[in-house]
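Every chain is numbered from 1, with letters handed out A, B, ... down the list of sequences. This is a predicted model, so every value here is computed, not measured.
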Amino acid sequence: MLEIGGLDAGYGRLTVLHDVAFRIGDGEIVALVGANGAGKTTLVRALCGLIAPTAGRIIKDAFDVTRVPTHERMRTGIAVVLENRRLWGELTVRENLRLAEVNARQGGKVNFTLADVTRLFPIIAERQSSAVELLSGGEQQMVAIARALLMQPDLLIMDEPSTGLAPKIVKEILGVIRGLRDRGISLLLVEQNVGIASEIADRGYVMALGRIVHEIVPGGWQSFLSDERMVKAYLGD
Amino acid sequence: MRRPWLIVLVVVWALLPWVLGRHHVDLLVFAAIYTIAGLGVGLLLGHCGIVTLAQSVFYAMGAYASAIITVNLKLPASLGFVVGMIASGVIALALGWPVLRLTGFFLAVATLALAMIANALFFEWDWLTGGTVGIGAIPKLGLFGFVLDTPLTFYYFAWVVAAIAMLLVHNLVAGRTGLAMRGMRDSLDAARVLAIDVHGLRVTIFVVCAVLGGVSGSLFAHYTGYVSVASFTIDKAILFLLIPVLGGAASIPGVVVGALFITFVPELLSKLGDFHGIVFGLALIVVVIAAPHGIVGTIRQWRKRALDESTATPGEANK
Amino acid sequence: MTAPALDVRGIGHAFGGLTVLTNVSFEVPAGRIVGLIGPNGSGKSTLFNILNGFLVPQSGSVMMAGNDTRAMSVEARSRVGMVRTFQTPRVFEHLSVQDNIMVGACKLTRSGALSNMLSLPRARRDLALMREVAEAVIERFGLQRLREVPAAKLTSGQRRMLELARAYAGKPQLLLLDEPSSGLNTAEVEALGKWLQTFNDEGMTLLLVSHDMQLMNIASVVNVLYFGEIIASGPMAEMQRNPRVREVYLGM
Amino acid sequence: MFSSLVVQAILSGVTNGVIYALIGMGIAVIYKGSGVINAAQGEFSLIGAVVAVFAMKAAGFSYPIAFIAGAVFGILLGIVVDVVLVRPMVRRKADEDAFLLLTIGIAFAISAGVLFFAGRDYFTLPSIGSDGVAIVFDATIRYHAIWVIVACAAIVAALRFFYRKTSFGLAMMAASIDADGAATTGINVAAMRTATYGMGGLLGALAGLLVAPIVPISYYMGLVLTLKGFCAAMIGGLTNPMGAIVGGIILGLVESLAIVFIASAYKDVVAFSVLLVIMILVPQGILGRRGRKGG
Amino acid sequence: MARRWMGTPARALAVSAVCALFTTTLFTHTPSHAQQATGEPIKIGAILAITGPGAGLGVPTRNGVLLAEKAVNAAGGVRGRPIKVIIEDDASNPDNARTKANALVHNEKVVGLIGPSQVAQIVAAGAITDPLKLPHIVPAGLSVPVERDRKCVYHVLPPQDLNARALMEYAANAMKIKRVGVLHDSGYGNVVMGALKAISSSYPGIEFVAIEKFEIGATDVTTQAAKVRASNPEAVMVIATSGTPFRAVKQVRIEVPVIAAIGSSSYEYVKAMGESADNVIIPEFLVGEDPLPDQKAFVEMYRKEYNLTPKNFEAAGWDLVQFMVAALKATPADAKPAEICEWLRRPHKGVLADYDFRDADLTGMKLTSFVYSKLIKGQYTRLPFRVSK
């Protein structure tokens, strides 16, 4: 699905990511965990093409997208829910979603309709003509996920979907995310909160200071969480 | 290291009017007058990040103060300078206090609105300003019994005044206030957190800029001997802004270069007739796009880059 | 009994319809290190902006050493000793490290624009004092090698250090630190903790917002902010055992 | 007699206000779409009018075709300004002031270009409808001015429809509200900014085309138009192109009522003072929206 | 030095070619080669507002100047040497006028100066020429007291009080009315208005029932015009250098006669007035469509050169050069500037009017020189009325 190798990226002269490499298989849910400032968001931005990597390659389905501009890269089947959601607050829910519909990938194997996303998040139907900025954080997160799904991705990247949300909402959202696998969507979940990540991810990578420092194999979450030394390196406890 | 340069510069400056024709001396006098007004605009733009289009107002106030004091009231010229400076400063304080709460575009447009209002009033209050007819027969400046009645003598006087203004601005920039200004320009919030009274500082510099404009206007009035609204239009405000932009806002030599540019280049281009406006507009565009730090700033950058590349350790040189 | 360096009483704030803080109250006793933790988006930044005066709270009050700060501007608060740092360090990009620190020392001097222009003895004295202070700070923070480097060229860790050094140059009584350890590596965080400890030993009061549990250990009291409310407060060790904190913040 | 004077002031104020509004809308559209105050908006109008005049006089086209030619030229001008001049500035992350200076340079160059290529004449276009005036309570308004008001209302409606109902317009809005969000939703953000400038150019040219029958256009008039347009946009709220209508009409009325009740020579003083007061007291304008900060 | 990018005939051709673009018929001119002057040219400086807001005055003047230069050279120049008018543009800016005057006087060493076109610019340039007693003639009227102190700056258009009187003469003696409304701009209009007020005691029968001012560059003055209309005047005087007030007068249906000052007499403004130009009465000097006998030759020559009808400023440009040349011819080749200047201080017969430069107002024009015209369908028609002494 996605294969990243030797990726260096940053802002201006400041290199944040150093030689990052990992892969996501078809139908996998992979978590990327790390402390604040570890470079997770920078990695997400590089994957989307919002910043240009200075070295390395990003391969999507055997197709090199390293230099493909963001708006076109999204049509190769990648979709993303960025940190802080990045919705258009002045526009209505319906308008936010409509823009995804008209710019969506054509001819991919995934096919989400408006009815589908409304079934996942009934709130969308209820609030469809109110401006997004009037919605609560949790509702906005749902609209953001719906918008990403309407791009018809087979790989969904989510940057800190639990940020600032009440646990109840987080659970609800996680439930939906888990179900996406059945629709043929692979998932890269970027999380600061290992607990959440461990709940739904098959595998994981731990990031620190811009490097992948540890890989968590399938079924390895428990042993990672119980390894005092590991958690200490991460939580600093 | 700087001294030999300075001596060469002073010698060249002293000899220049003897070599050049009268016309060019005349332009150099204007360059001096514009340098003084431009220094103020440069202070605001280069060190505070404020675009002002109101300098023509204070330039006009200096000029009118000198004209009214010497012609209508028959008082000594030195009083005209003082009144011009005080009037400019006081008005700048009164207007700057509310207006300088704005930032960016909005501040620039607000200063433009001030300039438009002032221009309308200069026309309207013709009992004071003479309106279109203006005020003529402004006496030549006398200095210790020596009358500055030729471009040559005025050249020396105006540039000495300009040099004093440059020295004062240099001191200001090099001192505590300068540091605070540049800090404020780079990050308003951080400056506030460090107890820099951002608004007070902006108003202060606005006043300094206005006083420089006033001095410049007084010099202009005495040099040309005649003032009218035609000299204080919005074009003048734009011209004063272009001086630091073209030369390099944050550098004092940059302002001088800008003033020389603005007096000599249109003069050279005027041979092109109506075409010169196009060339001038394009020149401005090119400077803004390609040399964002002005002529002097860009040259400095090149020099610095060259220096960096020759001295820096590998890995630090490339930007 | 002296008044606390900072006494936060019932702060509430909303942006448009979105409530960010509801009835937040806590104290920062003089001479102590107090921590503030909470998940992203829990309102820490808003609270910080209210404390130092960037935002006016819609309800509640902030008392600083017993004085109401309602009428005090950011600058005024800084003048009486409250300095903060920013989540992303705000250094003066075009100024050298030394000049940055000198700007921090501006508040120790008074000379105005006029005396600067005329280069009066007073202005020269002020500049010399600022330079002296900056020199001492540079030495103390080990920034000698970077003295002439423009801040724009610093790494994020160096920027953090510079911001801290700059704040320190103004000899603040109360320092608010917003995520001072983010972007630092483990060794640097350790060093930072030691710095802060020494500052505290010298009598400086600190309010520390951080995700870094290691750094949080220097705080005598930690307040946990969750959805605009303080849900727990006490020593860090206690907080780590607190089930509610474990659930909402540590995610276990 | 006096009441008819007030009616005349109102009619004149509305006519002028609509003209200011047209320019202001262009300024607001570009500001909203790219965060740049376009000091050359009045020059866009100048170009639109002059191209139409020359299409009629020199090339012999009919009025409607000349009108369309002027409008198309406006779009092209806007696009060229973005692609050639704005893009390199965006790439080097120039600050607000640099953009303002850039557009001042553009204004200079266009004005001088019109002078050089078209001369210093006053250019007029035929009126829509007849050349006559309608009489309202003994006051007058030109039939063309009524058409301008109608056209302005139509443009507002069209803009509203375009920005809220068409995918393209929505995408332009989206790109300006949140560029990253737009890019990750498959929207080409740079192209949207170019389209925004094209739209600004179109609105500018339309303003020129509609104004030229009322006010003869000459090469130096761009600055005046820009200033008044900016005031209109600013009063109405820069981030809301529709606000420019309200702002423009308020400005026009303030001006003409100042003539009746204060003194005609103080018209500009009053108008710009109102602008200053609004900028200081209501920085987001009357119909503007306050950006949410912090959080 | 190839500083002039075009020779004079070529330049005239270029001008006519540009004009032809607007008048659609292309006119080709073949210069005559008879007794062309040769040798080192005698340089005369000219500063005119070729660009900027004053260009409406400067450009027609330039055409007259160029025509005169050509005619003088075709007729053998001055003592067999051609004259060369070095035209500089002050961009309607007094600071530029000053530096250009310095350049012409001190670098080019011109023998005399023509222009600039506007008040502030004239005063600024006069400050250079007057101390040197350099002959200096300007295509404008005296309007600033300081000009009176300058002894070598002559004017070929009426001083503002004469313009004001010409307006009042028509109202008082041709129309015999009492109530006059005025619509004027804050620049030129304000100056003439000041003169109108100053001389109004000479016309006790006339009352200004409304005086409305508008700023230069205003695009709409209908409200001011409505205020004038509301005062029920019997005639309206419009004093401005733009077409805008005339359009406003038409729009608010002021049906009483409009009398305009000479400043708005150029075809450029008439074009900007559009249909509202109809029936406007202007006290002026040259009605190209129906010239006085003494003006016929000039009008024909001008038409032949440019295929356009000349107005006052074209004729003023012509007269300026002719007077300067007459002075050069009448004084010895090595005459000092002051001598030439002194020679000029005498009566002159010009195309525009008769002058007497000995007069205190430095023009010596009389009210009797004015002709009155009326615009009918964009054409000037000479009215029978003239002021009789």
Exercise. Counting distance only, does the side-chain N/O of A/W88 pair as donor-acceptor with the main-chain N or O of D/A174 below 3.5 Å?
Worked result: yes
For this session: Give, for atom CD1 of D/I177 and atom CG of A/L91, the distance between the pair rounded to the nearest 0.5 Å.
Result: 4.0 Å
Problem set entry | Student check: side-chain heavy atoms of D/R164 and A/T92 closer than 4.5 Å | yes
Exercise. Taking only residues two or more places apart in sequence or in another chain, which ones pass ring-ring contact (aromatic ring centres under 6.0 Å, His included) with D/Y163?
Worked result: none
Exercise. What salt bridge (Lys or Arg N to Asp or Glu O under 4.0 Å) pairs are there with at least one residue in residues 225-238 of chain D, not counting sequence neighbours?
Worked result: D/K228-D/E255, D/K228-D/D268
Exercise. With a 4.5 angstrom heavy-atom cut-off, which part of D/A179 approaches chain A: side chain, backbone, both or neither?
Worked result: neither
Problem set entry | Gap separating the CZ atom of A/R45 from the CG atom of D/D180, nearest 0.5 angstrom | 4.0 Å
Problem set entry | For chain D, which residues of residues 51-79 of chain A have heavy atoms nearer than 4.5 angstrom | A/T70, A/H71, A/M74, A/R75
Exercise. For A/L99, is it the side chain, the backbone, both, or neither that has a heavy atom closer than 4.5 Å to a heavy atom of chain D?
Worked result: both
Exercise. Measuring from D/L170:CG to A/N103:CG, what's the distance to the nearest 0.5 Å?
Worked result: 10.5 Å
Tabulate below the donor-acceptor pairs under 3.5 Å that side-chain atoms of residues 67-88 of chain D make, not counting sequence neighbours, or state none.
| residue | atom | partner | partner atom | Å |
| --- | --- | --- | --- | --- |
| D/D82 | OD1 | D/R193 | NE | 2.9 |
| D/D82 | OD2 | D/T194 | OG1 | 2.5 |
| D/R87 | NH2 | D/T194 | OG1 | 2.9 |

Problem set entry | Heavy-atom donor-acceptor pair, A/R98 side chain to D/K165 backbone, under 3.5 Å | yes
Exercise. With respect to D/T184, which candidate in A/L82, A/V44, A/V81 satisfies the side-chain contact (heavy atoms from CB on, under 4.5 Å) definition?
Worked result: A/L82
